[in-house]
Every structure is written in C-alpha cells, then in structure tokens.
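Counting starts at 1 for both ligands and their atoms, following the listed order. Everything quoted here is computed from the prediction, not taken from an experiment.
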Amino acid sequence: MAEILLEVKNLKKYFKAGSQIQLFKKPFYEKYYLHAVDDVSFSIEKGTTLGLVGESGCGKTTVGRTILRLYEADGGQILYEGKDIAHIPISSDKTYTKKIQMVFQDPYASLDPRSTIADIIGEGIEVHKLCKTKNEREERICELLEMVGLNREHRNRFPHEFSGGQRQRVGIARALSVNPEFIVCDEAISALDVSIQAQIINLLMRLQKEMGLTYLFIAHDLSMVRHISDQTAVMYLGTIVEIGPTEEVYQHPSHPYTKGLLASVPLPDPDYEANRTVRGMKGEISSPINPKPGCRFADRCEFATEKCRAEMPKLHEIGNGHKVACHLAGETK
Ligand code: SF4
C-alpha cells in the first residue's frame, strides 16, 4: 500500500474581522470571523501530487500556508509522516521547514531584488548548515541552477535580469536547496504566459520523478492541474466540495460547482464556445464571513432545495475513491 506523507484532518483557519457600528449613539465593535478554511480533510501519498483548485478567495492558499505553519491552525491536525505538526512553531523546530518548502505565486515579488541569485538560493543552505565550505556551497548552487534548466553563469546576476519563467526556475531552485520532501506550489504558474506555464509544469514533473517529491499544487487553471495531479480537490468557500483521482473528477464531475468550473474552461472552437451555457452555477462567490448554515454553494446553485439551505452536506464516497459534498450528488445534470 502506498505511504501517506501528509494527512490533513478537519483543518480550520479563521481570521478575525470586524467593523465599528453606531448603536444608540454609542460606538460598538462588531466581531466577525472569516472562515477561510473550514473542516478541510485530505491526504497525499508520497511521490504524488494533489491539485487544489477553486476561485480566488476559496481558501486554497490559506490551506497551503497553514500546512507550512505560516498561519497557526485554529482546529484540526496536520499529520506529516503521522506526526501532528499543526502547532509546532517554525521558530522552535526547523525540521519541517526543511522538509516542507513552498514555491510562490509571483516570481517578480518573491525574490529579493537586491540579492544575487547565488545569495537567494544559498540562504536556505546556510540556515540549515548544509554545506561545510564556501566552495561546496558554490558547487551546490551551480548544481541547483542546472537542475532547473539555468546555468552556473546565472549565479552572479540579479532577479531583474531574468524573464518571469527564469525567475520561477530560481524560485524552484531555492525551494530545492534544502532537499525538501514536500513542496506547496502556490499558484506557481499563474503569473506566467501559457507556453512558459507548460515548461514549468514539465520541470516540476521531471523533478518529482527524479527526486521522489510530493506536491500540493494550488491553482485556478483547471487544465494545468489535470496535467500534473494524481488527485484533484475542488474548494469552495473554505470547504472541499469534491475530491478524487484526477481523471475520475474531470470525466465524471458530480458537484454542481465542479461542473460549472469545468464548463467555464475556454474551448478552442469559438462557435461552440459562444453557444454553450454553464448549467448549475449563477452569480458570484458569497462572503466567507460568518457563513450561513447549509450548503455554502446554495446561493449560486440552481438545484438548491430547502434541505440544502438547512443542512451542510458532508463529503461522501460515490465510488472509485471519488467523494462529493452535495445532497443531490448523482441526481443533477
Ligand atoms: Fe446545490 Fe444542494 Fe448540492 Fe449544495 S447540496 S451543491 S445547493 S444541490
């Protein structure tokens, strides 16, 4: 049986929000909670990729950042090789900052413009004391640059001298510098041109094969997620609404939201594209602040019933490892 590297169980992350209101001429502070991640569970087998998709604001980046412990979880567990790391502060234990790395969304903003590429990639090597001598560090940096398709001469340059795709390669080399096992790719290709996106995806897949890496691949581009992911999870307003083996989810989507997302992927045929309609989804994503009881998707779902508005549907298996959180799973077209 394949080994589970990461298991997230009932993860919760809420953010406090609020506003000042005037009541009987007195100012009151009203407290709200933004339910960014609400009872999210999934597991990822070693050497595989879980694609996490959804519109912006659905909580997928917060899931990634909470796994990295950049945010402290408000509930649930993050089991890494069976050990709950959810409440281990980064400052007190560097083991998991080495094992778990992140590739950020914006290759323009995530690299310090005043540092050379060697300094950017070498930082993690120094923090974790991975090289004994200056020469060894220099060699390791050159090796990492070559691994991501750059060359050793690039090490003395600055980020502004590179294209977006090259900067993202530097971001990947920086993540690899500490020999991680697990990488959270947070919208790692979103800021790049489509042709460059494919190159970065191919690079990530090659590195995964060569180094046995495990990925959480966060994105809103469904076509790229399909290409790289073994499992796909669809998030809506802080919850996972559908999850399963990628081809199963893409070929037999069951949740109205997943169907809507898949139907909104642009098609190469302009005539077909102009005439098709997206069934099941209307309006905009609702507010995640103090969400109403019942299904979070009910305001946008054309199939919503009384039960949907009263009772939150739970993820349940519909076959082949495919799980859906919808009261009408299998009954909607
Ligand atoms: Fe739509 Fe109801 Fe299913 Fe929610 S539970 S997605 S409202 S049919």
Per-atom contacts of ligand 1 with [X], taking only distances under 4.0 Å to non-hydrogen atoms:
{"X": "H255", "value": "6 (S)"}
{"X": "C326", "value": "3 (Fe), 5 (S), 6 (S), 8 (S)"}
{"X": "C308", "value": "2 (Fe), 5 (S), 7 (S), 8 (S)"}
{"X": "L328", "value": "8 (S)"}
{"X": "F297", "value": "6 (S)"}
{"X": "A304", "value": "7 (S)"}
{"X": "H327", "value": "3 (Fe), 5 (S)"}
{"X": "P256", "value": "6 (S)"}

Any Lys/Arg nitrogen of K46 or E181 sitting under 4.0 Å from an Asp/Glu carboxylate oxygen of the other?
no

In terms of side-chain geometry, is the basic nitrogen of E139 or R152 positioned less than 4.0 Å from the acidic oxygen of its partner?
yes

Report, as yes or no, whether the 6.0 Å neighbourhood of atom CD on E306 holds more than 12 heavy atoms from other residues, nucleotides or ligands.
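No, because the 6.0 Å sphere around CD of E306 holds 12 heavy atoms or fewer from other groups.
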
Please determine whether C301 has a backbone or side-chain N, O or S atom lying under 2.8 Å from atom 1 (Fe) of ligand 1.
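An N, O or S atom of C301 is closer than 2.8 Å to atom 1 (Fe) of ligand 1, so yes.
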
For K60 and D186, what are the C-alpha separation, side-chain angles and deciding distance, and is it a side-chain contact (heavy atoms from CB on, under 4.5 Å)?
CA-CA 9 Å; K60 54 195 192 300; D186 181 19; 5.9 Å; no

Take D119 and R114 through the salt bridge (Lys or Arg N to Asp or Glu O under 4.0 Å) test and state the conclusion after the steps.
CA-CA 10 Å; D119 289 337; R114 292 158 305 176; over 6 Å; no

Metal check, atom 4 (Fe) of ligand 1 vs C295 N/O/S, cut-off below 2.8 Å:
yes

Over 60° means perpendicular and under 30° means parallel, so classify the ring planes of Y257 and H255, tilted if in between.
perpendicular

Using atom types as modelled and distance alone, determine if a side-chain donor or acceptor of N151 lies under 3.5 Å from a backbone N or O of E153.
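Side chain of N151 to backbone of E153: a pair is present.
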
